[in-house]
Structures are given as structure tokens and as C-alpha cells.
Engineer: 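Would you mind keeping the following structure in view while I ask a few things?
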Amino acid sequence: MKVFNTLSGQKEEFLPQGDEVRMYVCGVTPYDNCHIGHAMSYIIFDVIRRYLQFRGYKVKYVQNITNIDDKIINRANQLGISTDELAKKYIDSYFEDMDALNISRADFYPRATEEIPKMIEVIQGLVDKGYAYPAGGSVYFRVRNVPDYGKLSHRSLESMMAGARIEAGEEKEHPMDFVLWKASKPGEPSWESPWGQGRPGWHIECSAMSLKYLGDTLDIHGGGQDLIFPHHENEIAQSESFTGVKPFIKYWLHNGLVQLGEEKMSKSLGNLVTIKEALEKYSADAIRIFVLSSYYRSPLTYSEEALEAAVSGVERLVRVLSRDDPTGGKGKALDAEPYRKQFIEAMDDDFNTAQALGVLFDLARAINQAGDAGISFLKARSVFSELASEVMGLRLEVLNQISGQMDSNKINNEEIAEMRGEKLEWLLETIEGTVKDPNKDIETVRGYINLALGVRDSLRKEKQFKPADEIRSKLGALDIVLEDTPQGTAWKLKR
Ligand SMILES: [Zn+2]
């Protein structure tokens, strides 16, 4: 497996230090709702984590929450609420968005305000070793003592100096020195420290938390490309100076940024699309496919057309799952192993999700062709389902559970004729119960749905439209959409 490492500027063989991959991704500063840029980054690293697990690695995944910061303090002041209240609101909003996007939860979400002792320990260690100095109640990092400062962003200290200056109120020795501990202003939230009341700087949070939860050397550190400098550069300087262990991070992975048209999507430009806004229009699967359709290191352009293309992509994938196998799983079968191999090859090449998705679409096409040609595709479809759901994190909704299976139950006319009145009520309740229960036998669920369709057809033939429509709307409430075609009624999942 090869991954592109920002530190070396090239693809490298992925060799984690042990059986367990230690992975850290910079988390949110909860002062507002998350936008598509956050969705992109967290979907990408979710898929990377899922893929590592799929390849047999154990993964320990940590994401911090910067719940104290200038932005939080300013916003809370504007709104006249406490920083804790503000942060809590947007942490809840963040988890709501992540769950809606089917992003697996990290193993730990340390919060800055709960990890202050560890940060003070690291800062004190840096002061003791001469890498940091207190001044005016704050503590600054001394970049000149780190000869390889700039190695991640591939810049020299001299080149960074252009335009850099010491701001009023800062008591730095050097313009590039950065703050580890900030003396607090009156009225701001603050914590006690050997240097007086204050709060941690942003960069030290990630060094302290990754050290505490994952150790001196991590395998993967991720984040957006906008974090390379100064945030990640400073994390390296802090962590390696404190522990004396190099490297702090074996593989630095950075995703490209989301653009709206030609411009970067950013709060300052006022062109943000929040995750909640996007989810009002598009399913989580469509948003995931949109993000995964391009190489994670490239910029991603958000547009209605791109999202609509993703929507039809989801429809194509879901359709495969609602097909009946023509043979009942017997006889000649479609071999999905070449597809699985290609999928792994793509993902092994620096997580080329665009190519891997292409393989999924090819497999979907092959399954449809097999179905048309009377060739069994049941095994191939379970490979399809596994890759789509386990690795890409697509839900493909209820049908996901129903896939990888059997011939649909043959329904006879007598059964259908009996399904009226109370029996019909029972059938619809049963469908609801079974669809919502993931442990239920899949064959049963599928059989019931097909039975309901048979009943609806026969009701329509008898011109009993009211109960027929009721079946449609009951199924609709379970996200099962019916499509009447000249060949009969097909069902699929709501996009
Ligand atoms: Zn960070």
C-alpha cells in the first residue's frame, strides 16, 4: 500500500509501526455549523480508516475538539452566552452531521479544556529544554532552536520571515515564534498555570492530545491542506522537541480544499454551504459519492451539477441491490474477484477513491448484464455490497441489508387474494417491523415487500385504488419507493 506523505513530497510504502495504526485528525472548533469542507475532510479520513480496517489493520483513531479559542470567545461574546454553552451547541451539531453522513465515530474525542494539565506538562518540558520561554504571562516557542523547522511546508525560516512581524502586545524574541500559552484578558475563560492565568494556544493542544492518547510517534496525521502551515509545522516542532523522538508522524496526509466555483469556500468569503443545507437536498450517500469521486489531495468543486451526478450514481448502485437473481443462485455465476482486486489496487495507490468507485460502477454494470443474461450474480453482489458499505461507507439504505441474498419468494395468487383488510394491515406492520430490524432474516423482508407489491397490483386491477395507494404510502414511509413500469412494479430506495 502506498500513501502520499506531505513530509517527503512523495508516495511511500505504508509501513505502520505495529499491528495497530495510530491515527490523528485535527478536529473542529465548535463555534458554528460545519460546512462541506468539513464533510470532505472527515469523509476522506473515515474512508481511509475503513479501508485500513478492511485490509486487516486495527486502527486507533483520535480527533480533538478545540472547545476554547479566540473564535469561540468572540462568538460567545456576540451572542451573550458562555463559551461552554456555545461549544456544547456546536459539538452536538457536529456529531449530528457526522452521524448523518455515516462517518464512524473516532475512538476518542479529547476536548481542549479537559486536557489542560497535559498541555502545561508539555509546555513546561519545552521551557526546561530551552525550546520555549515565558514572556509577559504568555509562553512562546523558540523556532530558531529547531534547525529543521519548515520541513513539512518545505519552506525555510528566512522565506517565512518575509512580511512576518511582531504584533503589538506580543513579547516575542523572533517574528516566527508562536504562542504556547496565552495570558488571559480580564473576563476570558482561563486556567491556572506556572505562568499565571491563561489558556493554551491552538497548536499545543494537538501535540499534547496526540502524545497522551497515541504516544510519541503516530502513523497517520491528517487534516486539510490549509493546516500544513503553521498548524502542523508547529505541531512537529513542539512534539519532536518535547519527546526527542523523531519522527512525530510517519505519514502526513492532507486533503484538498472545497471550492465554490473558482473560489475557496470559506467563512470570510461568505460562500459556505453547511452540511445541514446540503443534507436537505441530497442524501448522505450522494454527498459521500460526490466527495469520493475525486482524488482526496485535489481541490473539490461544489456545484449542483456535481451533486446531481452523484445522485444518479447512487441510484445506479441501489438499483443493483433490488434486482432478483435470475437463477436463484444456481448454475453459472458472475465472478467478482477481478473487480475486488482492481478495487484494492486503486485504494492501495494512495486511496484513489475515484478509481475505486469506478470499479464499483463497473461491477454494478456487470451485475445488471449478468441478470439480463440469466447468469447468477448473488456472490458478486455480496462483494459489491461489502466494498460499497464497509469501505466507502455507503448506506444504500435498507437494501444494503437485503443484498447478497437469494431468489425472491415466489408469491402465488391465492396468497395475494387473501391479503385484504386486517390481513393487509398485518402485512404492512410486519414489513415495517422487519425492515427496521437489521437482525431479521433478509429473505423474509424481501419476500414481504414483494408480497405487498403483488397485493397492490391485484387491488389496482380490481380498481380498489384507496388500499392500493395506502400500500404505496406505507412503503414510502419506510423509504421504499415504487415505480410502475409497463413490465410491472419495481421498488427501490429513496435517494
Ligand atoms: Zn491539530
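In what follows, every heavy atom counts, from backbone to side chain, and hydrogens, waters and symmetry copies are set aside. These numbers were taken from a predicted model, which means no experiment stands behind them. Counting convention: from 1, in listed order, for ligands and their atoms alike.
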Engineer: Verify the ring-centre separation between F290 and Y282: is it less than 6.0 angstrom?
Structural biologist: no

Engineer: Looking only at N, O or S atoms in E235, which is nearest to the Zn ion (ligand 1)?
Structural biologist: OE2

Engineer: Near the Zn ion (ligand 1), is there an N/O/S atom from H231 that is less than 2.8 Å away?
Structural biologist: yes

Engineer: Do any N or O atoms from the side chain of D349 and from the backbone of N352 form a donor-acceptor pair under 3.5 angstrom?
Structural biologist: no

Engineer: Counting backbone and side chain alike, does C26 bring an N/O/S atom below 2.8 Å of the Zn ion (ligand 1)?
Structural biologist: yes

Engineer: Check whether any side-chain heavy atom of F242 sits under 4.5 Å from a side-chain heavy atom of S207, and report yes or no.
Structural biologist: no

Engineer: State, with a plain yes or no, whether a side-chain heavy atom of H38 is found less than 4.5 Å away from one of V28.
Structural biologist: yes

